[in-house]
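Below: one structure, written as structure tokens.
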4 protein chains.
Amino acid sequence: MPKDTFFNLSESKRGRVVAAAIDEFASYPFHKASVTRIIKKAGIASGSFYQYFEDKKDLYMYIIKLIGDKKMEYLNYVLQRFDSLDFFQMLRELYLAGIRFARDNPKLDAIGNNLIKNSDQLYKDIIGDQKPMAIHFFEEMLQKGIEKGGVDPAIDTRLVAEMLLAINLSISELIYEDGQVNMNDMELIDKMLYVIENGIRKKR
Amino acid sequence: MPKDTFFNLSESKRGRVVAAAIDEFASYPFHKASVTRIIKKAGIASGSFYQYFEDKKDLYMYIIKLIGDKKMEYLNYVLQRFDSLDFFQMLRELYLAGIRFARDNPKLDAIGNNLIKNSDQLYKDIIGDQKPMAIHFFEEMLQKGIEKGGVDPAIDTRLVAEMLLAINLSISELIYEDGQVNMNDMELIDKMLYVIENGIRKKR
Amino acid sequence: MPKDTFFNLSESKRGRVVAAAIDEFASYPFHKASVTRIIKKAGIASGSFYQYFEDKKDLYMYIIKLIGDKKMEYLNYVLQRFDSLDFFQMLRELYLAGIRFARDNPKLDAIGNNLIKNSDQLYKDIIGDQKPMAIHFFEEMLQKGIEKGGVDPAIDTRLVAEMLLAINLSISELIYEDGQVNMNDMELIDKMLYVIENGIRKKR
Amino acid sequence: MPKDTFFNLSESKRGRVVAAAIDEFASYPFHKASVTRIIKKAGIASGSFYQYFEDKKDLYMYIIKLIGDKKMEYLNYVLQRFDSLDFFQMLRELYLAGIRFARDNPKLDAIGNNLIKNSDQLYKDIIGDQKPMAIHFFEEMLQKGIEKGGVDPAIDTRLVAEMLLAINLSISELIYEDGQVNMNDMELIDKMLYVIENGIRKKR
DNA sequence: GATGAATGAGGATTCATTCAT
DNA sequence: TATGAATGAATCCTCATTCAT
């Protein structure tokens, strides 16, 4: 947690620090990210940095938290309708929210993706339970879908949850493939959902 | 590419260097991996290292190439039957080969996974065309499957290729989840393929 | 010397600052003692510190002075009887007073001892004339003892004064040896004085 | 312990490093002693320093060991005659050896004295058993003196050992008092021994 | 080809002190 | 008078790489 001194800062300076950190962590993995560069970009003294944060990790974790909060803003709208939507509607909305978040906040998305996919112990420490929680959430969705009748009860919910998460995480890469957007969000989602719903076996 | 001096080395010394490098890169991300540690583990002089390799990246890329070659050994058996197997048989064999590779070579698998998932620019440089090639391969498989009639022609082959790759990459994590194996390979593959083939919509 | 602002402070706040400083200087040598820690312990603003004191050294010297004053309280009773006691009675009382001071004020004693024994230039600056004065005092005592007839006139008073001071300074270490008290004060003093009076040559 | 690389150094360079370190540690307490200054004085690269030593403490401990070895050179001559000398002859020789060491190696003496007197935990760690061992040695000398008949059996040997050590440690300060030498070694020793042998009570 | 000492830019972090409010 | 954010030189230390032997 950043120290009080950080939160007492003027909004503009705090914003500069956050922006500099986001820039840095989007460009370099944690160990290569340089406090010195962040300091320079933010235009603060090195001593100040350590009056705001315990250390580099403290700042990194704060940025991760910001990312989580920001992502939640995108997801909240969907989550509130957890009970009124059926499974496939819900999944569509979730993927869509993820895409929108990635489009609006490409750097945050990059940092977040790097974190969740990385197998480094440091990253595992930081990410903590978030990945298991995400899987659990998908599994619950599937369970409910089975109960309501929309989802095939023959599937292994845990396994499918992992598959859906893997696909979810690959979406932002899909979007920026080759640095250009190939299709619009809706089209992308529709095509993905078609496959998820129906599989890829030829229908008779 | 390592220099000629490296390939002129006695097999045992070359082996020590490779083993040390694999150990190191499996334990640390590129930037944290230490040339000094590799040198010590391999029992060579630091000067020698730079007579074998341009720099750390040169060694890393060589290891990546070794991993690719090794993986090919596992895949070749499948690829040779590209024409005789139908799409789903092929996919099953590919996933299975991937699992076997991961089980037999956990360190290589770790290095490879870390590489392909990482969004770091450095890693992108190193991985080069491999990911696009993998996607392209899946896409071709799908095309052929459509032509042969087993695969639904309504799908977007490129998109599905990406999805299949994302799932493929998540497999080794599935296997080692919680440090324990939850189901046997066949069961895992079967359940995954069931979903891929049929989707998760309830059948009437 | 602390600034006027410090002496204008409420007694409670001044006391907090002094206590925090004593704590700190008893725990760390001057260079390692941290103004920041003192500030925190005392609950004052860092800016305030420099409105009370010139710098860290200023505070340190003030604490040293406090220690001197405190020690004088213990010695005054003895010094007042300078004329009525003979040399050995006087020495006994002085050592005893020193022991009592150390027992009652272990932190002050620790700071003082560290100061007087240290050969660091900084410490020499701070301690100034105090050590020469102490030696001078012992020397005068010896002179008077010789005149009165109790003390052997063959000794080199200056040298013996130094020896007596060296012994005096080692007393507090003796007391706390191994963190435990080995003998009571009187016994300790008696045994020391016996040696000082009679030396260690076997008597015929 | 310094690394092999240090001992493989040319004598001249090793000498420069040692001289620079002695200079530095004689001028500053451990925490204030600067690796950077040592590096500059010795004319080596900062990286080299850490190829020779684990860290600053490693170098410091090595210097302490050098001091011990050097002091032993001065004491060995005396110690070899442990059995042939009586207590007071022995004590005289020991003090004399100490004085000679201090005169010949003032910087080493300063470092050593600072170490043994300092109450800092770091210094205690480094000095380890050396002080107890010194006291023990004095105590044994006293015991033997009592058995042989030269030393007063009424004394508390442990206490006197501590007193003798305290005096021993104060000798080098005596010598350099006011930066000038007041008397020659023999005279100093004789006067000290006179007091130690006979005490300071007037003889009838 | 082998060696391993030498290099030095760069790393994160500390801390006494200043100064604007 | 009180505050506490700002400062930046200085701290120890790391590490990939070079180069003379």
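Letters A, B, ... are given to chains in the order of the sequence lines, protein chains preceding strands, and every chain is numbered from 1.
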Side-chain N,O (T36(A)) to OP1/OP2 (dA12(E)) below 4.0 Å
yes
Comparing A33(A) and F30(C) on DNA chain E - which has the more 5′ nearest nucleotide
A33(A)
What is the separation between atom NZ on K40(A) and atom C1' on dG8(F), rounded to the nearest whole Å?
13 Å
When we call it a touch if two heavy atoms are under 4.0 Å apart, what does I44(C) touch: a base, just sugar-phosphate, or nothing?
nothing
Please give, in whole Å, the distance from dG4(F) P to F7(A) CZ?
17 Å
Ignoring the backbone of K56(B), work out which of dG11(E), dG8(F), dT17(F) is nearest its side chain.
dT17(F)
Can you tell me how far apart CZ (F53(A)) and OH (Y60(A)) are? Round to the nearest 0.5 Å.
14.5 Å
Given dT17(F), dA2(F), dT3(E), identify the nucleotide with an atom nearest to the side chain of Y52(C).
dA2(F)
Of the candidate nucleotides dT7(E), dT3(E), dC12(F), which contains the atom at the shortest distance from the side chain of S48(D)?
dT7(E)
Please name the residue in the list Y52(D), F25(D), F6(D) that meets the ring-ring contact (aromatic ring centres under 6.0 Å, His included) test with Y62(D).
F6(D)
Roughly how many Å is it from OH in Y60(D) to C1' in dC12(F), rounded to a whole number?
18 Å
Rounded to the nearest angstrom, tell me the gap between atom NZ in K32(C) and atom P in dC15(E).
6 Å
Hey, which of these two, Q51(A) or E54(B), hits DNA chain F nearer its 5' end, going by closest nucleotide?
Q51(A)
Separation of M1(A) CE from L59(A) CG (nearest 0.5 Å):
11.0 Å
Nearest-Å distance for atom pair CD/C1', residues E24(B) and dC15(F)
12 Å
Can you tell me how far P of dC15(E) sits from CZ of R37(C), to the nearest Å?
7 Å
Taking only N and O in the side chain of N8(A), is any of them less than 4.0 Å away from OP1 or OP2 of dG4(F)?
no
For dA6(F), which nucleotide is its Watson-Crick or G-U wobble mate, given both distances must be under 3.5 Å?
dT17(E)
Check: S46(B) side chain, dA5(E) base, donor-acceptor under 3.5 Å:
yes
So does Y50(A) get a side-chain nitrogen or oxygen closer than 4.0 Å to the phosphate oxygens (OP1/OP2) of dT13(E)?
yes
Considering only dT3(F), dA16(F), dT11(F), which nucleotide approaches the side chain of K13(C) most closely?
dT3(F)
When you match G47(B) and D55(D) each to their closest nucleotide on DNA chain F, which lands nearer the 5' end?
D55(D)
From NZ of K3(B) over to P of dT17(F), roughly how many Å is that when rounded to an integer?
11 Å
DNA chain E: T5(B) or H31(A), which has the more 5' nearest nucleotide?
T5(B)
Give the nucleotide from the list dT13(E), dG8(F), dA16(E) with an atom nearest to the side chain of A45(A).
dG8(F)
Exercise: identify the closest heavy-atom pair between G112(B) and I67(B):
N-CD1, 4.2 Å
Interatomic distance, D58(D) CG vs dC12(F) P [rounded to whole Å]:
15 Å
